[in-house]
Number of protein chains: 2
Amino acid sequence: MKTLRVPEATVTRLSIYSRFLERLDRNGVTTVSSGEIAEGVGVSPAQVRKDLAYFGEFGTRGVGYNVKDLMKYTLKILGLDQSWSLAIMGAGNLGFALCTYRGFNVRGFNIAGVFDNDPTRIGKRIGNLEVQALEKFPEIAERENIRIGVIAVPISAAQEVADLLVKNGVEAILNFAPVALNVPDEIEIRNVDLSVKLEILTFNLGFRAAQSL
Amino acid sequence: MKTLRVPEATVTRLSIYSRFLERLDRNGVTTVSSGEIAEGVGVSPAQVRKDLAYFGEFGTRGVGYNVKDLMKYTLKILGLDQSWSLAIMGAGNLGFALCTYRGFNVRGFNIAGVFDNDPTRIGKRIGNLEVQALEKFPEIAERENIRIGVIAVPISAAQEVADLLVKNGVEAILNFAPVALNVPDEIEIRNVDLSVKLEILTFNLGFRAAQSL
DNA sequence: TAACATATGTGAATTTAATAACATAAACGG
DNA sequence: CCGTTTATGTTATTAAATTCACATATGTTA
């Protein structure tokens with residue numbers, strides 16, 4: 001098998017293309033060109049074609065791409081032709097927002113449990129979920145086949161929660177705590193840092209000001 | 001002036017170094033090496049030095065970096081030696097979580113207003129803030145000198161809100177709606193897409209499974 | 001004070017990603 | 001059925017980012 005490494009930036013864009021295609025499909029658009037996708041998501045047409053080329057030939061020369069088909073292909077590539085069970089670790093404001101975030105359901109993610117260790121939060125309902133004690137995680141993780149954990153706890157608890165996830169068979173972690181977590185190499189982990197992008201903005205605003213002196 | 005373009009990845013890491021340095025400082029650490037920073041945030045030592053080199057020489061050969069000093073430098077570079085007033089647009093669950101997110105205050109961001117157009121939300125309190133009607137934005141933006149707007153509204157309202165921000169002098173936008181917004185070139189805009197990173201995880205889990213066949 | 005250990009700063013080499021350019025294939029019109 | 005148009009897929013080119021390697025500077029010890 002020809003195993004060509006796919007750049008993470010390509011996967012990121014694929015996820016964005018995929019959602020754009022879903023929108024086109026909902027709007028009844030049947031055919032789309034790389035140029036239109038590029039325009040819609042803010043990249044170059046060559047980039048779109050190059051990204052898709054990692055995975056095969058999906059278009060028709062002189063015509064473009066069939067929206068429904070390409071949508072399905074992108075979903076398949078991203079592993080979204082199946083449903084994934086998530087656990088949200090932490091039922092604070094961020095955990096709450098993640099539990100109720102529509103975007104996850106739409107893309108086939110199923111929030112199978114919310115966990116916290118704060119007694120005042122345990123038992124509370126979030127939508128049709130009930131906040132569970134952390135101790136319940138092993139049992140529920142097994143029953144619900146939870147392969148992905150989302151960490152939405154304070155920095156001080158993040159490593160401990162990551163350990164709990166790993167110990168109970170979670171294979172991938174999305175970490176919202178602004179700290180580098182220590183996990184075995186075989187665990188997929190990505191961080192989402194809410195203030196980093198804000199600081200890119202302030203950097204650029206300052207930088208621009210400096211350059212116009 | 002020598003204007004060397006700074007890669008965005010460098011700025012991203014700088015933000016992460018900066019926070020790591022604050023943590024070291026809180027823990028009473030006074031000196032740190034590029035290797036220790038690298039270890040702490042998960043990059044290579046050469047990367048740390050290269051990143052810092054865009055902005056000057058901050059260390060002492062054979063010794064390392066003074067934690068307090070380097071922390072101040074990184075904050076300065078990121079534009080965080082001043083306070084920035086933000087507006088959170090959208091008082092849904094995500095907007096709520098962002099309003100109460102500690103990480104922003106810690107880094108010098110001041111949430112100067114929360115806005116929504118839903119009458120059932122307007123007037124509600126979030127911490128010491130009161131949700132304001134969207135119509136109040138121009139007045140409050142001017143009074144509070146809001147230069148950064150955070151979009152936490154549904155896709156359907158995102159472009160309209162972006163237009164409102166731009167029209168009222170906002171210079172930078174952090175967009176949580178999973179859609180490419182149209183703004184003038186001089187506006188700094190960055191997107192945070194909560195499901196993209198999850199889909200990188202599912203892609204990798206699937207990819208790994210495919211490779212082990 | 002000389003030799004050694006340590007860790008920065010940086011130019012060169014390497015790797016990786018993005019862009020451009022173009023050959024190829026499909027559709028259409030006369 | 002041939003020429004024209006269009007848009008893909010792919011190769012070549014350019015650009016960018018990362019890693020490497022080492023010269024340089026500092027502190028320490030004998």
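- Between A/Arg190 and A/Glu8 there is a salt bridge, since at least one side-chain N of the basic residue sits less than 4.0 Å from a carboxylate O of the acidic one.
- With B/Leu24 as reference, B/Val32 is the one residue of B/Val32, B/Leu70, B/Thr31 to meet the side-chain contact (heavy atoms from CB on, under 4.5 Å) rule.
- In terms of modelled atom types and a separation under 3.5 Å, the side chain of A/Asn27 and the main chain of A/Val29 share no donor-acceptor contact.
- The listed nucleotides are D/dT26, C/dA26, C/dG9; the one nearest the side chain of B/Thr60 is D/dT26.
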| Heavy-atom protein contacts under 4.0 Å, nucleotides 13-21 of chain D, coded B base, S sugar-phosphate only, - none | ----SSBBB

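- Using a 4.0 Å cut-off between charged nitrogen and carboxylate oxygen, B/Lys72 and B/Asp81 do not count as a salt-bridge pair.
- Side-chain nitrogen and oxygen atoms of B/Ser34 include at least one within less than 4.0 Å of the OP1 or OP2 phosphate oxygen of C/dT8.
- When each of B/Gly35 and A/Arg61 is assigned the nucleotide of DNA chain C with its nearest heavy atom, B/Gly35 is the one assigned upstream, toward the 5' end.
- Place A/Gly56 and B/Val63 on DNA chain D by their nearest nucleotides, and A/Gly56 ends up nearer the 5' end.
- Between A/Glu57 atom CD and C/dA23 atom P the separation is 18 Å, expressed in whole Å.
- Ring geometry, A/Tyr73 versus A/Phe58: the interplanar angle falls from 30° to 60°, so the pair is classed tilted.
- Listed here is the closest heavy atom pair of A/Ala112 and A/Leu129: C-CD2, 4.4 Å.
- For the pair A/Glu36 CD and D/dT6 C1', the interatomic distance rounds to 12 Å; values are reported in whole Å.
- A rotation axis mapping the C1' atoms of four pairs onto the next four is fitted at both ends of the helix from C/dT1-D/dA30 to C/dG30-D/dC1 over five pairs, and the angle between these axes is 0° to 10 degrees.
- At whole-Å resolution of the value, CZ in B/Phe55 and C1' in C/dT8 are 17 Å apart.
- One atom, CG of B/Leu70, and another, C1' of C/dG9, lie 14 Å apart when rounded to the nearest Å.
- Ring centroid separation for the pair A/Phe104 and A/Tyr101 comes in under the 6.0 Å cut-off.
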| task | Take A/Arg107 and A/Ser18 through the side chain to side chain donor-acceptor pair (under 3.5 Å) test and state the conclusion after the steps. | result | CA-CA 10 Å; A/Arg107 300 289 281 172; A/Ser18 178; 2.9 Å; yes

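- Smallest separation of non-hydrogen atoms from A/Ile77 and B/Phe203: O-CD1, 3.3 Å.
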